[in-house]
Amino acid sequence: MTAPLLSVKNLTIDYIGETNDFRAVDNVSFDVAPGEVFGLAGESGCGKSTIAFAISRLHKPPALIRKHSAILLDGRNVLDLDQKDLADFRWREVAMVFQSAMNSLNPVLRIEQQFYDVLRTHKRITRAQARDRTAEMLRLVDISPDRMRDYPHQFSGGMRQRIVIAICLALDPRLIVMDEPTTALDVVVQREILQRINELRRKLGFAVLFITHDLGLMVQFCDRIGIMLGGKLVEQGTADAIYRTPEHDYTKKLWASFPSLHGGVLR
Amino acid sequence: MTGPSAPTLTLDPILTLDKVSKTFGNGPGAVRAARSISFSLHAGRALAVVGESGSGKTTCARIAMREYEPSEGRLLYKGRPVDAAGAREIADYRRSVQMIFQDPFASLNPAHTIAYHLKRPLMLHRPDIKGAAVAEEIKALLRQVKLDPDIVAPKYPHELSGGQRQRVNIARALAAKPEVIVADEPTSMLDVSVRLGVLNLLSEMKREMNLGLLYITHDIATARYVAEDIAVMYAGQIVEWGNTGKVIDNPAHPYTKLLLSAVPDPDIRFDDPNAHVSSAHADETRRRSAADQATIREVEPDHFVRAA
C-alpha cells in the first residue's frame, strides 16, 4: 500500500459522565489510502459516528479523546491543530456528509449562496468565480446549473443530498467522511448517488470514509472494510474478504442478519 | 383482487381493499396517494406492500386501519362493506385489525409501565378476562413475544431496547386477539442484528395464530423473507403483484425491475459496468410508471402486472 492519506492510530474516545465514563471508541487503528473507499460498519452505539466526528474534530464535550490517540492526515496530527489551522483543514482537506445532510441546507438561502458561503470562507474567490465553480460542481452531480438560483425546498431529497455532496467537493478535499449518507433515501436514489460518488473518486482521486450499517451496500462500494463492535474495531480486510471469508463471529452474525434477495425464506 | 386480477386463492379474505383511492387536497395540487388499490388479506398469509417513500404504501395501511376514509372504493371486512357496519361491527373491526408502528420509541407511553400497556387492550377488547386472570394473561402475552414477564412487565419503555419495545408492541397487538396485523415498517428503526428476530416473531405469530399480516416495507429483500404475496407500489398504484418468489425472480414491470436492480447486493460491485443503474433510465422509468397503469396482464399464474 502507498503511504496512507488518513491514519487513525490508537484512537480512544470516552464520553465523560458524572459517575463513570463510557468508552465509545476503544484503541482503534486503521489507514485509508489516497483514493480509497474505506468502510466502517457496525450497529448504532458502536462508535462509528464518534470516529467520523473526531476526524473532523467536530466532537464536543462530554466526548474526550484520550492521550496517545492520533489522527494523521498526510502525517499531520489533526488533534494538534489550532483553531486557525482547523478552519483551513475543514472542507479543504476533509469534508463531511451527514446522515440527514439534505436537511442541513439553509432553507432561506438560494443554492448559489450556500456554495458561495463555503467557498468564500475557505478561499479568496469572487462572486463570478464562485458562480462558475458552483455550475461546475452541480454538473458533476447531474443537476442542471441553471437551478442554482433555486431554494432547497424546490429539490427532491435525493437532489438535496447530491447538492450537499457537490458543496463538499467544491474545495477539492482529499477525504470525504460520509456518515450514513443515504439511509434516509430510497434504494434507487441511493444507488444513483453512490455510483456517482464512485465515478467521481475515480476521476478526482479523493478518498472516502464510508459509514453505514448496511453490509451488502458496503461491499458493493468499498475497497476495504472495518467492522466495529462496542467501540472496538474487531475485524478489517478487503471488501471481498469481509464478504466471502469473514473471520470474526460478529461479522458472521451481521451477515446473517440480512435476508438476501436470493437466499432462504421463512415460510 | 377483483376481476382478472383475482389471485388463485380459495380462502375467504378477512380484509379486502376494493378499488380504493385516496386523494389529499383538491384542484391541481391534489395528491393521489392511492389510486384504485385492490388487495385482500387472508388468514395465515402475509402480503408485503413494497415501495419507496411517497409511493402510497402507508396510505394503504391507514385505510386498512380505518384511519383514513377512502375517497373512492370500498373496504370490506369478511365480505361486508365496513362503512355500512353498525357500531358493534365497527368495535369488532377495531379489535380484529391491530397495528404495529414504525417507531418503537414513540408508540409506547413513557409514563406507563409495560404491564399497563398490555392491560389496556385486555380491558377494552376482552372484558371476559377479570381480576387475577389479567396479570396471568399479561405474563402469557410477554412470554409469547419471548420477553421475560417478571423482568419486563414492571418496567417503563425507556428501560427497554428498541427490539424489546417492538416486541411489546407486538404483544399489545396480540392482546386484542386480532385476525389481522398491519405492520408499517416494523423493523426499519431497529438495529440490524435484532431486525430478523422481530420479523421471525411476526411470522411465527402469523403461522401459529393464523393471522393475516399486512407487511409494509421499503425493503424488498425482507418482503421476500416474510411474505407469501407481494404488491409493488409506485406513485399510488400497485404496478405488479402476485406470488413473492415469482414477482422477484421474474419481474415484468419496468419499475419493479429498476427497484430490484438497485437493491444492495454484495455480489455486484459498483465498478462493474454491467451493473450500472443509469440515472436517465431511472428518471424515464419513474416518469412512465407514474402515468395511469390501466391495463392488467397475467404474466403467469399468480403473477400480474399493470401497464399504461
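The sequence lines fix the lettering, A, B, ..., with proteins before strands; numbering per chain opens at 1.
- With a 4.5 angstrom heavy-atom cutoff, B/R269 touches chain A via backbone and side-chain atoms both.
- Note: B/D283 CG to A/D142 CG = 9.0 Å, rounded to the nearest 0.5 Å.
- With A/R201 contributing its side chain and A/A207 its backbone, the two residues share no donor-acceptor pair below 3.5 Å.
- At a 4.5 Å heavy-atom cutoff, the contact between B/A275 and chain A is made by backbone and side-chain atoms alike.
- In this structure, A/D223 contributes its side chain and A/V37 its backbone to a donor-acceptor pair below 3.5 Å.
- Without hydrogens or angle criteria, B/K246 side chain to B/P301 main chain gives a donor-acceptor distance under 3.5 Å.
- Annotation: maximal heavy-atom pairing with chain B below 4.5 Å, among A/L194, A/L185, A/L254, occurs at A/L194.
- Here B/I268 is the residue among B/T222, B/I268, B/I248 with the most heavy-atom pairs under 4.5 Å with chain A.
- Chosen from B/A262, B/P264, B/P266, the residue pairing most often with chain A at heavy-atom distances under 4.5 Å is B/P266.
- Contact count against chain B (heavy-atom pairs under 4.5 Å) is highest for A/D186 among A/D186, A/V219, A/D240.
- Heavy atoms closer than 4.5 Å to chain B are found in both the backbone and the side chain of A/L217.
- The CG atom of B/L47 sits 9.0 Å away from atom OG of B/S40, with the distance rounded to the nearest 0.5 Å.
- Of the atoms belonging to B/D271, heavy atoms from both backbone and side chain fall under 4.5 Å from chain A.
- A distance-only check finds no donor-acceptor pair linking the side chain of A/Q161 to the backbone of A/N103 [under 3.5 Å].
- Residue B/L258 touches chain A through both its backbone and its side chain, counting heavy-atom pairs closer than 4.5 Å.
- No part of B/S188 comes within reach of chain A, as not one of its non-hydrogen atoms sits under 4.5 angstrom from that chain.
- Neither the backbone nor the side chain of A/L215 comes within less than 4.5 Å of any heavy atom of chain B.
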Steps toward salt bridge (charged side-chain N to carboxylate O under 4.0 Å, His left out) verdict (A/D31, A/R224): CA-CA 10 Å; A/D31 290 340; A/R224 287 187 312 123; over 6 Å; no
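- Proximity of the aromatic rings of B/Y225 and A/F258 is defined here by a centroid distance below 6.0 angstrom, and this criterion is not met.
- Contact of A/Y243 with chain B is made through the side chain alone, with heavy-atom distances under 4.5 Å.
- A/T212 and A/D214 are not linked by any side-chain donor-acceptor pair at a separation below 3.5 angstrom, with hydrogens and angles left out of the test.
- Heavy-atom distances place no part of A/R196 under 4.5 Å from chain B, backbone and side chain included.
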